[in-house]
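Remember, it's a predicted structure, so these values are computed and weren't measured experimentally.
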Amino acid sequence: MGTARTNLLTPTTPAIGKRDINSWSLGAQAGYAVPLGKDASLTPHIGIRHTSAKLKGFTEMGGPTPLLGLSQTVDRTRFYAGLEAKAGIDLGGLTLTPRLYGRIARDSGDASGTADLVFASAPTAPSCKRSVPVSARQSPN
């Protein structure tokens with residue numbers, strides 16, 4: 001949860017906007033470690049994670065072409081499978097355990113994580129709707 005504040009410097013005047021964002025995420029993962037020796041193992045695993053962000057609308061103030069952020073909810077579900085290998089290396093009283101990890105993932109829903117913006121002066125114009133990454137032009141407080 002929080003507020004994303006946008007500040008954009010333009011050749012004329014700065015464009016400033018503020019958007020409230022509420023988000024949550026829930027995930028689960030299952031795996032089984034297969035021992036390969038005293039200090040080594042191989043762990044295959046699968047998992048799922050769902051994330052949802054509710055973006056409240058906002059209007060930029062100032063600038064040559066202020067933007068209007070549309071109210072919307074962005075949802076994404078990620079399914080993944082991976083493999084982790086680890087091996088302990090005894091350094092005489094100290095054990096170093098390097099890990100090698102790989103994962104393949106598939107996203108569904110709003111996989112690109114974009115928010116819809118339009119020009120405040122023409123919010124219903126057919127050619128001005130633009131989807132941008134949720135993190136673009138936004139910085140946390």
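Atoms CZ and CZ, from R103 and R78 in turn, are 7.5 Å apart once rounded to the nearest 0.5 Å. The distance from the CD1 atom of I21 to the NZ atom of K56 is 11.0 Å, given to the nearest 0.5 Å. Rounding to the nearest 0.5 angstrom, the gap separating the CG atom in D20 from the CZ atom in F58 is 11.5 Å. R49 contributes atom CZ, which lies 11.0 Å from atom CG of L26 (distance to the nearest 0.5 angstrom). To the nearest 0.5 angstrom, L96 atom CG is 5.0 Å from I89 atom CD1. In this structure, OG on S52 lies 9.5 Å from CG on N22, to the nearest 0.5 angstrom.
Smallest separation of non-hydrogen atoms from T51 and S25: OG1-OG, 3.1 Å. Of all heavy-atom pairs spanning G88 and T95, the tightest one is CA-CG2, 4.0 Å.
Ring geometry for Y80 against H45 counts as perpendicular: the plane angle is over 60°, on a 0 to 90° scale with 30° as the lower cut.
Using a 4.5 Å cut-off on side-chain heavy atoms (C-beta onward), L55 and T73 make no contact. Residues D75 and H50 are in side-chain contact: their nearest non-hydrogen atoms beyond the backbone lie under 4.5 Å apart. Contact of the T77 side chain with the D107 side chain is not registered, since no non-hydrogen atoms from C-beta on lie closer than 4.5 Å. A 4.5 Å side-chain heavy-atom check between P98 and K86 finds every atom pair outside the cut-off. In this structure, L83 and L42 have side chains that are in contact, with non-hydrogen atoms separated by less than 4.5 Å.
Listed for the S71 side chain is a donor-acceptor partner under 3.5 Å among the backbone atoms of G57.
Using a 4.0 Å cut-off between charged side-chain N and carboxylate O, R76 and D110 make no salt bridge.
In this structure, I104 places its CD1 atom where only 12 or fewer heavy-atom neighbours from other residues, nucleotides or ligands lie under 6.0 Å away.
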